[in-house]
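In what follows, chains are A, B, ... by sequence order, proteins preceding strands, each numbered from 1. Just so it is clear, the values below take in all heavy atoms, side chains as well, and ignore hydrogens, waters and symmetry mates.
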Amino acid sequence: MGNGIIKAEVNQFPSLTWHHLHINHGNFEGKIESPLEAEVRGIGEGTSLFRKSSDLVYGFAVHSETQMGKEFDSLLDKSFLESGIQSYEFEVSGKSQENVKLSYKLESNRFCASDIVIHAAENSESSFVIDFSSARDASGLFGLRVRVFAEKNAKVNIAWANLLGKDAVSFVAFASKGCDNSSVGLSQLDLGGCRTFAGGRFSLDGYRANSSCLGAYFVNGEKKSDVNYVAHQSGRETRSEGTFNSVLLDKAEKTWRGSIVFPKGCVDSAGEEKENVLLFNPEIVNRSMPVILCDEEAVEGHHGSSIGKIDPEVLLYLGSRGISEKEAKALIIRSRINEIAHRINDEELVDSVQDFIEGVL
Amino acid sequence: MAEEKSEKTFVQDVDHSIYDFRYEEKDEDYYKIRKGLDESIVLKISEEKKDPEWMRDFRLKCLRIFNETNEPDWGPDIHDLDIQKIVTYVKSKTDMAAKWDDVPKDIKETFEKLGIPEAERESLAGVGAQFDSELVYHNVKDEVAAQGVIYTDLESAMHGPYADMIKDHFMHLVPPTDHKFAALHGAVWSGGSFVYVPKDVKVKIPLQSYFRLNAAGAGQFEHTLIILDEGADLHFIEGCSAPKYNVANMHAGCVELFVGRNAHLRYSTIENWSKNMYNLNTKRSLVEENGKMEWVSGSFGSHVSYLYPTTILKGDHSLCEFTGITFSGKGQDLDTGARMVHLGKYTSSVISSKSISKSGGRNTYRSAVIVNKEAKHSKVSVNCDSLMLDSESNSDTIPAMNIMTDDCDVGHEAKIGRISNKAIFYLMSRGISEADARAMIVSGFANPVSKELPLEYAVEMNNLIQLEMKGSL
């Protein structure tokens, strides 16, 4: 078991801007002492699970870069080896009929991590649902790295939900690589914890590769949330879509970076990202940076952001229907989160998310 | 035989050739300080300009800050810019004139070719013309002066009845610590204008300053200071150009605008520096209660540009609109945009930016919107569209929003792409040729911004983008 202290600039923005905005990168400092084993269910025909030392996983994963950045990834590799963390490597072939589920339960004051690698073979279809939770007042850290390699025509959907207690720190470092006609979808429900790092880096390398990233971020109390989304579309006719809903309450602070990158050669590709942020208290801080970096003429890039509080007319309308302001706000918060949650095809996870939100509201 | 007129319907690069004329600056007619930057050069400039003591000390302080500050680690590459090879002060050995006939022949011819005297006669309330480091001509129409409007060169204003006003405002909005090139400006600034519009005075016709950098390897560091008293109204235009040389030229000007309560200022710029120019300009405005600030910006020149007009909406109910267009062609890396800082309540800002990149040009739209805690009920709208006309070019959009209150409404949208095939198909289905359709779309793309530009005054506009089609500029 190592001391596993990791200190790094993370979630770096691909193209720097004014430093006084404090948005170019986040800062991570935490320690990883040991692995956290998952309860794994739903491995059916066509899916195989291998437990391996993190330096022996499938080739692409070794060279991939998550949205947290190369420096962090490299420190994480070292930490995983020192801590004896065995990766969960899934080999998927064929079309899976049910979701593969991984559930992590963090005990208070533990500093743990896990590593997942998914290799989706040609023409396969699979879904993975991941949740990590703890007691409401638990502290500690949970870190997860997920790396996905989707071969030609493969479809992979991943959903994760952070249901940790209010004093826990978490990060989810995500990387995917999509080959020709592949499709990688990620849904992230970042609801718990006091300091979280999320997002994902999608490399759409193949012809007509697709990616979709949906995020719901519930940021309350004094929670700080740092999100970095990168869609790197090097293949021709690739499509990326990102939708990010956030709700900020109390003294919460959120930084969101969304980058669509069109390098030369990605002819006829399209990328879109949308961010919707609902603000509830005067002490919040929200930083948003939706970015497009384009070296190719024959593409379409589009991004939009909408940031503000609840429309007073909506509150008035709900009030006229007998719904108090407090109830109305709770209703709207639920709807923002559920807009993403209900796109996850797993009733158990959706129920867990609803329970978590009700518990906080 | 009548010449058959053919309608050209393609987008040419910006034609700078009509500005690419120059005059040899002989030693007997011009004073040039030696190249480089050190304390003795700063002191020499201060001596030439007969600075008051506070300004001399200020210059030296700025030089120290310049030497201690690093270049930005973001934005276009400026490692080829060597300040030690730049001549920071070049002056014609003649005094500033109030009549064009008193301006030296070659300088007068320069401005005649640019159409400045003609524009002054036809449609301007006053003109300041700067050649290299100093103003060579300054005049304001009698009826405008009779309103109490002050429009003069900054140096003489520093020694006159407005000396204290200038001292209280000069580089307070853009302090030398802001960035390295603000410090450089503070150390070697020369030329530029001071404008003061008294309370409730509306200047119906624009004032214009034109900056021409003729000397090779030189820098221009003019300072524009405009103060609008309560209820005042002004439209100010600036234009600039330079001939192209094989060595780098540099522009690190500074514009500080103070918009009083209920006042309105429109600041229009046509930037058309040559493609050897490093344009590191700083522009900032401060708007008081119920004040309105409008920026209209056309950027067509320079090799490298860092340009982000910034507005601080200090007073309640103050507002700002920024409208800009940037065209980057071969050899250009133009990093432009705007910044808005909301401090007061019920403030609003609108940013509307268009950019076109072609022939390997690099275009970056960069913006920042900051809504402070106290800026309740603020509204922000940001829209940036980028059009790439070929696959050699680049276009990036890097907008940032830093929001520190819940009581605001912020919207942002951006698009990057090429001319839409669907739009072309639609127009062709209406009987329009493909070439005409493309040209119409580009014209339409630029039109919302270009119609705000002061066409009747900025005489270069018709030459800048050759959109030769029906309904062109």
ask   = B:L387 versus chain A, heavy atoms under 4.5 Å apart: side chain, backbone, both or neither?
value = neither
message = Could you work out, with ring pair (Phe, Tyr, Trp, His ring centres under 6.0 Å) as the rule, every residue matching B:H412, not counting sequence neighbours?
response = A:H303
Contact listing (chain B partner; residues 258-276 of chain A; heavy atom under 4.5 Å) = A:K264, A:D268
A:W18 versus chain B, the contacting section by heavy-atom distance below 4.5 Å = both
Under the ring pair (Phe, Tyr, Trp, His ring centres under 6.0 Å) test, residues paired with B:H179 that sit two or more places apart = none
inquiry  = Heavy-atom cut-off 4.5 Å, strictly under: side chain, backbone, both or neither for B:S367 against chain A?
reply    = backbone
remark   = Answer key: most heavy-atom pairs under 4.5 Å with chain B among A:I292, A:L278, A:V285 is A:I292
task = Under 4.5 Å heavy-atom distance to chain B, tell me which part of A:N281 shows up: side chain, backbone, both or neither.
result = backbone
ask   = Can you pull out the residues in residues 324-338 of chain A with any heavy atom less than 4.5 Å from chain B?
value = none
Salt-bridge present (A:E283, B:K373; N to O < 4.0 Å) = yes
message = Does B:T405 form a side chain to side chain contact (heavy atoms under 4.5 Å, CB included) with A:L279? I'd like the steps, not just the answer.
response = CA-CA 8 Å; B:T405 176; A:L279 309 172; over 6 Å; no
task = Can you tell which part of B:S393 gets under 4.5 Å to a heavy atom of chain A, answering side chain, backbone, both or neither?
result = backbone
inquiry  = Need one label for B:N421: side chain, backbone, both or neither, based on atoms under 4.5 Å from any heavy atom in chain A.
reply    = neither
ask   = Which answer fits A:H22, side chain, backbone, both or neither, if we ask what part of it has an atom under 4.5 Å from a heavy atom of chain B?
value = neither
